[in-house]
*Asks:* 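So that we are looking at the same thing, I have put the structure below in structure tokens.
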Amino acid sequence: MGAPKSGFFPIKRGEAIVLSVLIVLAAIFFLPSFRTSYWGGMVAFGWLMGLYMFFAPALQLINLVFGEKSHHTT
Amino acid sequence: MKGIELTVTIIYLLACIGIGLWAMRRFRSTGDDYWVAGRRVGTFMNSWAIMAALASGGSVLGVCGLGYKLGIPYAFSMFAGAVMGFPMASILVARQLRNLGKYTITDLLVTRYDHKVVKWATPIIVLLAMGAYIVAQMKAAGVTAQFLLGIPYKYSVMLTALVFIIYVSIGGMWAVTMTDIVQGILVFFMMSVVGIVAISHFGGVGSLVAQAAQANPAVGTLAALPLSSYIGAFVVWAAAVPVIPHIVMRIYTSKDVRSARFSLNYAMLLYAFMIFFGVIGVSAAAQILFPGLKDADMAYLMMTTKYLPRIFAGLAVAAVMAAVMSTTDALLLSCSSAFAYDIYAKLLKPNVSEREVIKVGTVAAWVIGLLAMFFAFNPPKLLTMMYTAAVGLIVSAFFAPTVMGLWWKRATNAGGVAGILIGAILYLYLLWFTKMPSLSHVLVSLPVSFAAVIIGSLVTPPPSDEVVEQVAAWHK
């Protein structure tokens, strides 16, 4: 019973950043200003959520590729 | 009955059965082969298979119907949630699941929380929720074949159900993977083509949305439902992906951790392209061309017949069936594994041979598939809403115990049990006995499940060193 019994397993810095960015961005898009302003017939929220679908996996792929590169160079 | 469309569809269905037979002859020798395709599926194959597993009938008929009826922003908020779930799964669970090297979500929870309640409750929740998901998918197949082939609804449900039950039961995960790749490519192509053709016909994305908003301003607004429903739609899917059984099984099939993590994200880029152009093209154009559709889920099929030649209408039927089957086959396999592997082999008859478990899995696939088929004869009204409600149950029960169990060293068996039971029961109570806005129930049940894991863990002794070291090994 000597191992630490509290705390979390460590998460890689890049992954913590990706996760935080994705959560914060989604929260921002739900703010009232994006739900009431219209861009070309649709609320800004709609367009932003559409773009978010591309951004989320792309960001994590970039993180995975850079993570591998830095792993190889260290 | 329409000759060209029917011929294309029959060729497609026969090809699926052929792939099942091929998989049975070539691979079906061990439990690893049957349940997780021998853990040898590479990145390219798994990307398409994962995309197809998520791209259900709901992602073709359902998402276009949703965009048409409740507005494009609602459809996007739900599917953006699903897309966000994949980077989340890639970060939070992919490495640990692949390193655990088992077959099901139950394996993970039971290994982490060694308690009888977890052993029974987890597969039962999987069977209930995924059963409802399968019924919703069968409706999609039924309405498609009825509309484009002229076959009565019941017969088209039976035809589709029998084909995927056959190839799942005989070919296991190899058959599911190989058919999913074909189905994924077909769905991607047909959904994107219809969407892009409609967009170019109306002069581009911006022009089409502007014209649709003139025809019906609701298409671009958030007015259809309360805000909590939009947030709930996003959260349900974002939290579902890391724990939903048929996606978890795809992670187990990956040849290694790297492949699992890359394929999850490649799959979502494909999915994002398909959903973005499909929803904008179909939902917006259908508002202009077919205002006041009674069954919004028909929007995609109406657009197909409007813009594409008949041979493509046949491919559109095949594409919707492919979307339905690629998800339903994976769901069916996850249900049959929940019964055969998690309940029969581990609880009812321990020490049973691998061969017998596969046989029980085959019988379970038939029983579950046929039961779902009978329920689908009286279909739900709006596809996506029904299966999203089922997914809400999975999220409420499994997300908090899974994530906390993998990342929080202090999580204990009591915490896991509390998280699963309280999350599931509260969700069902809110769904059936309150009048909360659609899909918002999870906004209450999910935080409560997290609280239950934390409180249940803190009031009981910490887990042993062995448990902490075991979880630490999954992180490597």
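The figures here come from the full heavy-atom set of this structure, side chains too, leaving out hydrogens, waters and symmetry mates. Fair warning: this is a prediction, and the values are worked out from it, not measured in the lab. So that the names make sense, note that chain A is the first sequence line, chain B the second, and so on, each numbered from 1.
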*Asks:* Give, as side chain, backbone, both or neither, the part of Ala284(B) having an atom under 4.5 angstrom from any heavy atom of chain A.
*Replies:*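 It is neither, since no heavy atom gets under 4.5 Å.
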*Asks:* Does any heavy atom of chain B fall under 4.5 Å from the side chain of Leu48(A), the backbone, both, or neither of them?
*Replies:*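 When you check distances to chain B, no heavy atom of Leu48(A) falls under 4.5 Å.
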*Asks:* Just checking, Lys409(B) and Phe9(A): is the charged tip under 6.0 Å from the six-membered ring centre and within 45° of the axis?
*Replies:*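 Relative to the ring axis of Phe9(A), which defines the angle, Lys409(B) lies inside both limits.
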*Asks:* Roughly how far, to the nearest 0.5 Å, is the CE atom of Met88(B) from the CG atom of Leu22(A)?
*Replies:*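 The distance works out to 9.0 Å.
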*Asks:* Heavy-atom pairs under 4.5 Å with chain B are the metric here; pick the option from Phe54(A), Tyr38(A), Trp47(A), Phe29(A) that has the most.
*Replies:*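 Going by pairs under 4.5 Å, I would pick Phe54(A).
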*Asks:* Quick check on Val279(B) against chain A: is it the side chain, the backbone, both or neither that has a heavy atom closer than 4.5 Å?
*Replies:*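 When you check distances to chain A, no heavy atom of Val279(B) falls under 4.5 Å.
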*Asks:* Which answer fits Leu92(B), side chain, backbone, both or neither, if we ask what part of it has an atom under 4.5 Å from a heavy atom of chain A?
*Replies:*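 Interface part for Leu92(B): side chain.
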*Asks:* At a 4.5 Å cut-off on heavy atoms, which part of Phe234(B) comes close to chain A: side chain, backbone, both, or neither?
*Replies:*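 It is the side chain, since no backbone atom gets that close.
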*Asks:* Which bit of Phe276(B) comes within less than 4.5 Å of chain A, counting heavy atoms only: side chain, backbone, both or neither?
*Replies:*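 It is both, since atoms from each part get that close.
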*Asks:* For Ala272(B) and Met53(A), which heavy atoms make the closest approach, and how far apart are they?
*Replies:*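 Answer, listing the atom of Ala272(B) first, then Met53(A): CB-O, 3.3 Å.
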*Asks:* Check the pair Leu61(A), Leu269(B) against side chain to side chain contact (heavy atoms under 4.5 Å, CB included), reporting the backbone distance first and the verdict last.
*Replies:* CA-CA 10 Å; Leu61(A) 276 171; Leu269(B) 278 181; 3.6 Å; yes
*Asks:* Specify which of Ala16(A), Gly40(A), Ala58(A) makes the most heavy-atom pairs with chain B at under 4.5 Å.
*Replies:*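 Going by pairs under 4.5 Å, I would pick Gly40(A).
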*Asks:* Any idea which heavy atoms bring Ile91(B) and Glu15(A) closest together, and the distance?
*Replies:*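 The pair with the smallest heavy-atom distance is CD1-O, 3.7 Å.
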*Asks:* Please state whether the side chain, the backbone, both or neither of Ile280(B) comes within less than 4.5 Å of a heavy atom of chain A.
*Replies:*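 For Ile280(B), the contact with chain A is made by the side chain alone.
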*Asks:* Taking side chain as everything from C-beta outward and backbone as N, CA, C, O, which of these in Ile23(A) sits under 4.5 Å from a heavy atom of chain B? Side chain, backbone, both or neither.
*Replies:*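 Contact with chain B: backbone and side chain both.
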